[in-house]
Number of protein chains: 2
Amino acid sequence: MVDSKAQPMVGRQRTGRDPVRTQAVILEAATAEFAEKGIGGARVDTIAQRAGTNKRMLYHYFGDKIGLYVAVLEAAYAAIRSAERKLDITQKEPEEALSELARFTWHYFLDHPEFISLLNTENLHRAVHLKGSPRLREMHSHLVTELEQVLKRGVELGVFRAGIDPLNVYLTIASLGFFYLSNRHTLSVIFGRNLTEPERLAEWEEHLVRTVLASVKAE
Amino acid sequence: MVDSKAQPMVGRQRTGRDPVRTQAVILEAATAEFAEKGIGGARVDTIAQRAGTNKRMLYHYFGDKIGLYVAVLEAAYAAIRSAERKLDITQKEPEEALSELARFTWHYFLDHPEFISLLNTENLHRAVHLKGSPRLREMHSHLVTELEQVLKRGVELGVFRAGIDPLNVYLTIASLGFFYLSNRHTLSVIFGRNLTEPERLAEWEEHLVRTVLASVKAE
DNA sequence: CAGAATTGTAACTATCCAGTTACTTGCCTA
DNA sequence: TAGGCAAGTAACTGGATAGTTACAATTCTG
């Protein structure tokens, strides 16, 4: 999610002055630590160790623990928005477009469980950090606007029913993708099944796509 | 979620020996504290204050902070299972039964945001506390079995399509209800809308019910 | 009314942890 | 090659916190 050249410097000699790379490895280590343990459980010393640097650097670049967490959250949003911009669904048939958006979202969550965890952490804290971020505008998703166009063409073609709020469709996709993965631990225990077996994941993906299409289907 | 006679004893004199009630007020205060702050952010002294008792009592009855948290989690599961047992969907028309289950789940989550938060906390910790609970069996939901019967009758009547895993329908309902409320803070910031306005909540409830029914509809 | 049980008080311990300080080391460039 | 800059070291401070201790106070029942 951060610059791919970022790598912990554990077991390495100093490689020279590179503030951008130092910040990147700190951010990556902090992402893992905050995602695994939340704000209250994350430890500054552990983040420094995981990054292969020292905590003087953390305070030098990010100010304090919360400043580091905010940078992690902003980077996480930047990453998903960057990935979303690579998706262009407006040039496809409506049903295909919607399927593609649904699969993209599912696979993004599947490949980025740390993003799910960070969202849960931020909601636990009532989004106070997100609200205070000057980069808020960058976190908006253009996909709802694109989705609006897709739904409109679907209505025109007679495959989608009219009167659907695109935000609701976006939230339907996100709901089905997020909940399954976010709650995989408790659900696996409660239902006595391993929800993260490859077959189950593939089955849920098909169920997700089918449900989203069914929810907008013309009668 | 806990015994209704539980009430904080703040500002009250000692009201006599009542270990059941003392434990109940501690559990209620602890539920609020763990739900609002997670395990790492919750404070034992604050729980005692919120309960109107002292922390000697917390350690006396629950052993330690984690023991208290586990008791909170078990009580939360007991409460939703108790509420679920009052629901009988097997005697209704399949579509009505499914609608009722969907609305019940939505309203349960709406009325119990602390349950949502505790589930997120427990998943952050990979359900290690849940796994270790001797009350695990009590946490299973009988509703999947009932749902299986409802789906079967729906297929027989020709209103539902065949081959649907009842667990997937249950997860669909839970997904749509859970995600919206769990992420209400970040989503409200990102999309610039207050997702918890009464009109939005009512609209989402209708969308939830419609989507669940559409997902099982016979073709 | 005495004793048992529940609940309370307040000080305490030991540990943890965010953040700071004062310096040192190493790299790179003019 | 000297100096500036990035990065590192390690001790430290101050405060927070879970959990404990040793007793006291209150309630209620046999």
Side-chain angles (χ1 to χ4, degrees), chain A residues 3 5-30 33-34 36-72 121 125 128-129, chain B residues 3 5-30 32-34 36-72 121 125 129:
Chain A
D3 193 309
K5 69 181 169 70
Q7 48 186 333
M9 295 186 285
V10 181
R12 295 162 59 89
Q13 298 168 4
R14 299 184 190 197
T15 54
R17 304 172 337 192
D18 194 336
V20 170
R21 189 167 57 86
T22 302
Q23 289 176 70
V25 299
I26 290 172
L27 267 184
E28 186 166 359
E33 179 78 359
F34 283 122
E36 286 168 28
K37 299 170 186 171
I39 297 180
R43 296 288 171 260
V44 177
D45 280 303
T46 307
I47 295 170
Q49 279 171 358
R50 295 175 83 152
T53 183
N54 59 87
K55 69 177 174 178
R56 269 279 300 120
M57 290 293 95
L58 274 58
Y59 291 100
H60 176 70
Y61 286 121
F62 297 97
D64 58 13
K65 185 180 181 184
I66 290 296
L68 179 53
Y69 166 76
V70 168
V72 160
T121 291
H125 296 270
V128 298
H129 309 102
Chain B
D3 194 310
K5 71 181 170 69
Q7 48 185 330
M9 294 186 286
V10 180
R12 294 163 60 90
Q13 297 169 2
R14 297 187 190 199
T15 54
R17 303 173 336 198
D18 193 336
V20 170
R21 188 166 59 87
T22 302
Q23 289 176 70
V25 299
I26 291 172
L27 268 184
E28 188 169 356
E33 179 80 357
F34 283 121
E36 287 168 28
K37 300 170 186 172
I39 296 180
R43 295 286 170 261
V44 178
D45 279 308
T46 307
I47 294 170
Q49 280 171 358
R50 295 176 82 154
T53 182
N54 59 87
K55 68 176 174 179
R56 269 275 300 119
M57 290 292 96
L58 275 58
Y59 291 99
H60 176 69
Y61 286 121
F62 298 98
D64 58 13
K65 186 181 180 184
I66 289 296
L68 179 54
Y69 167 75
V70 168
V72 160
T121 293
H125 297 270
H129 309 103

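Just so we're clear, the structure is a prediction, and the values are computed from it rather than from any experiment. Below, each value reflects all heavy atoms present in this structure, side chains not excepted, and no hydrogens, waters or symmetry copies.
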*Can a salt bridge be assigned to the pair R50(B) and E33(B) using a cut-off of 4.0 Å between side-chain N and carboxylate O?*
yes
*Let me know the distance between CD1 of I39(B) and P of dT17(D), rounded to the nearest Å.*
16 Å
*Shortest non-hydrogen contact from A29(B) toward I47(B)*: CB-O, 3.6 Å
*Distance, rounded to the nearest Å, where K55(B) contributes NZ and dT7(C) contributes P*: 18 Å
*So what does A42(A) touch, heavy atoms closer than 4.0 Å: a base, only the sugar-phosphate, or nothing?*
sugar-phosphate
*Looking only at heavy atoms, which two atoms of I26(B) and A51(B) are closest? And how far apart?*
CA-CB, 4.0 Å
_dC16(C), OP1 or OP2 - any side-chain N/O from R43(A) closer than 4.0 Å?_
no
*Can you name the closest pair of heavy atoms from Q23(A) and F62(A) and give their distance?*
O-CZ, 4.0 Å
*Can you name the nearest heavy-atom pair linking Y69(A) to H129(A), along with the distance?*
CE2-ND1, 3.4 Å
*Specify the residues of residues 57-70 of chain B, ordered by number, for which at least one heavy atom lies under 4.0 angstrom from an atom of DNA chain D.*
Y59(B), D64(B), K65(B)
*Can you tell me how far P of dT26(D) sits from CG of N54(B), to the nearest Å?*
14 Å
_Value in whole Å for how far the C1' atom of dG15(D) lies from CG of D45(B)_ = 14 Å
_Phosphate OP1/OP2 of dT6(C): any T22(B) side-chain N/O under 4.0 Å_ = no
_Distance check needed: dA18(D) P versus R56(B) CZ, whole Å only._
16 Å
_Value in whole Å for how far the C1' atom of dG8(C) lies from CG of D18(B)_ = 16 Å
*Between K65(B) and I39(B), which heavy-atom pair has the shortest distance, and what is it?*
NZ-O, 2.9 Å
